[in-house]
Amino acid sequence: MPDKIRAYAPIFYKVHLMVRTRFAPSPTGYLHIGGVRTALFNWLFARKHGGQFILRIDDTDQSRNVDEALQPILDGFRWLGIDWDEGPEVDGPHAPYFQSQRTEKYQAAVKKMLTNGTAYKDYSRTEEIQAERETAQAEKRTFVYSRRWMAETDEQAAVFEAEGRTAVVRLKMPREGTCLIPDLIRGDVEFEWAHEQDMVIQKADGTCLYHLASVVDDAELEISHVIRAEEHLSNTPRQIFISQSLGYELPQYAHLPYVAEPGSKNKLSKRKIPKYLKNQDFKKLYDHGERIATRCDRELSEDTFNPVIVDFYRDIGFLPHAIINYLLLLGWSLDGETEEFTTEEMIAAFSLERVIKSPASFDPTKLTAFQQREMDKLDLKKKSALCVPYLQQAGLLETPPACDTGPYLNDIITATENRITVAGDILDYDDFFTVDASLPYDAKAFAKRLVNTEGAQQLLIEFRDTISELDDFNVESIEQTMREFVEAKDIKFGEIIHPVRVSTTGKPVGFGLFETLAILGKDRCINRMNLALESAQNEPPQAESE
RNA sequence: UCCUCCGUAGUCUAGUGGUCAUGAUAUUCGGCUUUCACCCGAACGACCGGGGUUCGAAUCCCCGCGGAGGAACCA
């Protein structure tokens with residue numbers, strides 16, 4: 001290591017015997033996709049080294065109901081399979097894991113720093129600090145507080161208090177030398193102490209702030225590696241200062257690039273959905289979700305239905321492993337070739353050295369491709385079990401399902417082959433669960449195939465009569481019948497296929513038609529054809545609008 | 001304005017002085033097919049810019065440019 005000049009005490013990085021990482025979410029009521037990636041990397045690193053992963057709740061600044069705001073986050077992690085060794089609901093030797101319940105520790109730390117001269121009481125007023133800040137900016141230099149209202153003795157404090165001032169506690173940062181952070185991802189990063197601020201660590205009302213709390217807790221919880229998003233890199237010098245002032249040994253630091261918006265390098269944010277919707281890929285994902293959620297009668301507010309939040313994916317039927325696998329490759333790679341990892345493989349392969357330094361845009365299309373792969377690996381039983389709740393939520397299936405729906409649903413899912421990307425896609429096949437009389441028709445397809453095509457209705461009538469003679473109504477017999485029908489009438493396949501599909505399913509597209517008819521059964525097919533013919537005959541031909 | 005980080009196809013990435021610059025995904029075209037999807041075949045597409053070092057630079061150095069983060073009594 002080069003011989004760096006450090007005005008402050010030399011930095012000792014602790015050699016930890018046990019790897020302990022943490023993720024420290026604020027109870028915001030939702031689990032952000034970027035937060036999941038940070039947590040995932042922490043989790044993988046801990047698992048890889050046989051260490052512990054700790055969940056700590058950063059509720060230093062929360063007035064809301066923490067329980068309510070925390071539950072979705074814990075549920076999200078559990079769904080994804082990211083388990084924690086210590087934290088809410090599991091507790092552990094360092095409990096409590098809520099910062100709001102650890103305030104005495106922070107108060108004690110402030111007291112210690114005040115005593116050893118690494119922090120001071122400051123009686124400045126907000127406007128006064130602001131004025132200094134503006135002056136600095138006008139002079140094009142880094143703002144550094146003049147410490148004009150600093151009080152290091154009781155006498156000084158008494159003078160300021162007599163003026164009606166109240167105190168905050170500030171860090172008394174070094175003003176020369178450099179702070180070197182040996183970041184496990186970025187290498188050595190240097191900051192000049194002279195550019196660092198005398199950060200407030202305790203507010204006038206006596207409550208302690210994030211940086212102090214975070215450092216105290218990391219030390220108390222014996223965190224060995226602080227793996228977090230890069231927006232904290234600039235915060236690290238002040239945290240190192242706090243750490244050293246308190247006599248702690250330093251953890252190893254690793255700063256991850258943030259997850260960026262689709263098609264840009266801005267940080268992904270929950271509140272910018274309207275903007276993201278201008279991105280085609282993002283819109284496609286959103287619309288896909290909306291189609292499913294609408295059918296399930298779900299609320300579509302930004303808080304409950306938002307692709308930046310993990311719940312979105314769970315609610316429309318993504319597989320957790322698809323998300324994990326995708327997120328793993330968003331900012332990390334093994335070799336530029338390998339893409340699919342089981343959880344065990346991820347744990348074995350993961351290393352901080354191979355984390356990418358630059359921010360990565362969230363790509364909904366690629367995530368969907370991972371999802372498709374995961375779905376294709378599922379056997380019929382699992383796929384079916386995932387689909388049932390969607391049919392129930394859409395009111396297409398009873399709860400519990402009638403005993404004969406199992407095989408029926410299995411036939412449908414088998415016939416869909418790989419057309420179901422997310423479990424909610426089963427709702428694309430709602431026509432199998434609708435009573436004949438209320439089957440909706442795709443207006444355009446109905447007009448094209450049954451109204452505007454001359455002779456289509458007559459062909460359908462004849463085909464209906466032909467299949468009504470069939471004793472064995474199965475895929476093979478239906479196919480044979482139709483092929484013979486086509487030959488006998490000397491027509492093209494499409495001339496009968498399309499009217500039949502539209503009349504029996506109401507849709508222009510779907511899986512194999514012979515399978516479709518066989519699953520519906522003879523009676524329903526004939527009934528639906530009759531109903532469609534009736535509608536078609538009542539509808540005058542129209543010019544097609546294209 | 002100051003400080004710090006980052007910059008390879010649309011997107012995610014491989015690459016550490018010599019490669020036809022890797023793979024994936026997306027897109028386009030063709031094939032298969034009753035539609036859609038799958039599958040098969042092909043194509044398109046990138047080293048932020050400028051200087052330097054070197055026989056040779058995506059790779060090392062310098063200067064720009066662009067993007068992001070920090071400069072809170074937020075986290």
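This is a predicted model, so every value here is computed, not measured. Chain identifiers are assigned alphabetically (A, B, ...) following the order of the sequence lines, protein sequences preceding nucleic acid strands; residue numbering begins at 1 within each chain.
Of the candidate nucleotides rU1(B), rG69(B), rA37(B), rU1(B) has the atom nearest to the side chain of Gln137(A). Distances were taken from every side-chain heavy atom of Val509(A) (C-beta onward) to each of rC73(B), rC36(B), rG70(B); the shortest belongs to rC36(B).
For the C1' atoms, the distance from rU22(B) to rU8(B) is 11 Å, rounded to whole Å. For the P atom pair drawn from rC5(B) and rC73(B), the interatomic distance equals 25 Å after rounding to whole Å. With both ends at atom C1', the span from rG67(B) to rU53(B) equals 29 Å, rounded to whole Å. Nucleotides rA9(B) and rG23(B) place their C1' atoms 13 Å apart, quoted to the nearest Å. Separating the C1' atom of rG15(B) from that of rA58(B) is a span of 8 Å, rounded to the nearest Å. Here, rG7(B) and rA14(B) have their P atoms 10 Å apart, quoted to the whole Å. Across the C1' atoms, rU25(B) and rG64(B) are found 34 Å apart, a figure rounded to whole Å. On the C1' atoms, rG49(B) is 25 Å away from rC12(B), given to the nearest whole Å.
No hydrogens or angles were tested; on distance alone, nothing pairs the side chain of Arg186(A) with the base of rC5(B) as donor and acceptor under 3.5 Å. Donor-acceptor pairing under 3.5 Å, judged by distance alone, is absent between the side chain of Arg141(A) and the base of rU1(B).
Atom NZ in Lys357(A) sits roughly 22 Å away from atom P in rG67(B) (whole-Å rounding). Put simply, CD on Gln197(A) is 10 Å from C1' on rC2(B), counting in whole angstrom units. Spacing between atom CZ of Phe282(A) and atom P of rU25(B) amounts to 22 Å, rounded to whole angstrom units. Going from atom CZ of Arg501(A) over to atom P of rU34(B) covers 11 Å, rounded to whole Å. In this structure, the CD atom of Glu261(A) is 14 Å from the C1' atom of rG69(B), given to the nearest Å. Nucleotide rC38(B) holds its C1' atom 7 Å from the CZ atom of Arg419(A), rounded to whole Å. Distance, Arg133(A) CZ to rU1(B) P: 18 Å, rounded to whole Å.
Under the Watson-Crick and G-U wobble criteria, each requiring two contacts below 3.5 Å, nucleotide rG41(B) is paired to rC29(B). Taking a pair to require two hydrogen-bonding distances under 3.5 Å in either a Watson-Crick or a G-U wobble arrangement, rU1(B) pairs with rA71(B). When both pairing distances are held under 3.5 Å, rA57(B) makes no Watson-Crick or G-U pair with any nucleotide shown. Across all strands shown, rU22(B) forms no Watson-Crick or G-U wobble pair with both distances under 3.5 Å. Here rU34(B) sits opposite no nucleotide as a Watson-Crick or G-U wobble pair (both hydrogen-bonding atom distances under 3.5 Å).
Shown here are the salt bridge (Lys or Arg N to Asp or Glu O under 4.0 Å) partners of Asp198(A), two or more places apart in sequence or in another chain: Arg147(A), Arg175(A).
The closest side-chain donor-acceptor pair between Tyr145(A) and Asp122(A) falls under 3.5 angstrom.
Residue-level contact check: Glu417(A) touches neither bases nor backbone, having no heavy atom under 4.0 Å from any strand. Across all strands, Val189(A) comes closer than 4.0 Å only to sugar-phosphate atoms, never to a base (heavy-atom distances). Residue Tyr210(A) is classed as a base contact, given a heavy-atom separation below 4.0 Å to a base. In this structure, Gly510(A) reaches the bases: a heavy-atom distance under 4.0 Å links it to at least one base atom across the strands shown. Across all strands shown, His211(A) has heavy atoms under 4.0 Å from base atoms, whether or not it also approaches the sugar-phosphate. Using a 4.0 Å heavy-atom distance criterion, Ile496(A) is classed as making no nucleic acid contact. At a threshold of 4.0 angstrom between heavy atoms, the contacts of Arg373(A) are confined to the sugar-phosphate backbone, with no base atom among them.
An OP1 or OP2 oxygen of rA26(B) is reached within less than 4.0 angstrom by no side-chain nitrogen or oxygen of Lys284(A). Between Asn418(A) and the phosphate of rA37(B), there is no side-chain N or O to OP1/OP2 separation shorter than 4.0 Å.
Nearer the 5' end of RNA chain B, as judged by each residue's closest nucleotide, is the contact made by Ala136(A), out of Asp205(A) and Ala136(A).
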What pairs of donor and acceptor atoms, side-chain ones from residues 513-520 of chain A against any protein atom, are under 3.5 angstrom apart with sequence neighbours left out?
residue: Thr516(A); atom: OG1; partner: Gly512(A); partner atom: O; Å: 2.7

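In this structure, Arg449(A) forms no cation-pi arrangement with Phe446(A), as its terminal cationic atom is not both closer than 6.0 Å to the ring centre and no more than 45° off the ring axis. Within the cation-pi definition used here (under 6.0 Å to the ring centroid, within 45° of the axis), Arg133(A) qualifies as a partner of Phe143(A). Under a cutoff of 6.0 Å and an axis angle of 45°, Lys270(A) and Tyr30(A) form a cation-pi pair.
A salt bridge between Arg419(A) and Asp425(A) is absent, with no side-chain N of the basic residue lying under 4.0 Å from a carboxylate O of the acidic one. In summary, Arg271(A) and Asp303(A) engage in a salt bridge, as defined by a charged side-chain N under 4.0 Å from a carboxylate O.
Tested against Phe41(A) for a ring-ring contact (aromatic ring centres under 6.0 Å, His included), the candidates Phe350(A), Trp332(A), Phe23(A) yield a single pass: Phe350(A).
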Worksheet item: What one-letter contact string describes nucleotides 10-21 of chain B from 5' to 3', where B marks a base within less than 4.0 Å of any protein heavy atom, S marks contact via sugar-phosphate atoms alone, and - marks no contact?
Response: BBBSSS------

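Atom CZ of Phe282(A) sits about 6.5 Å away from atom CG of Leu277(A), to the nearest 0.5 Å.
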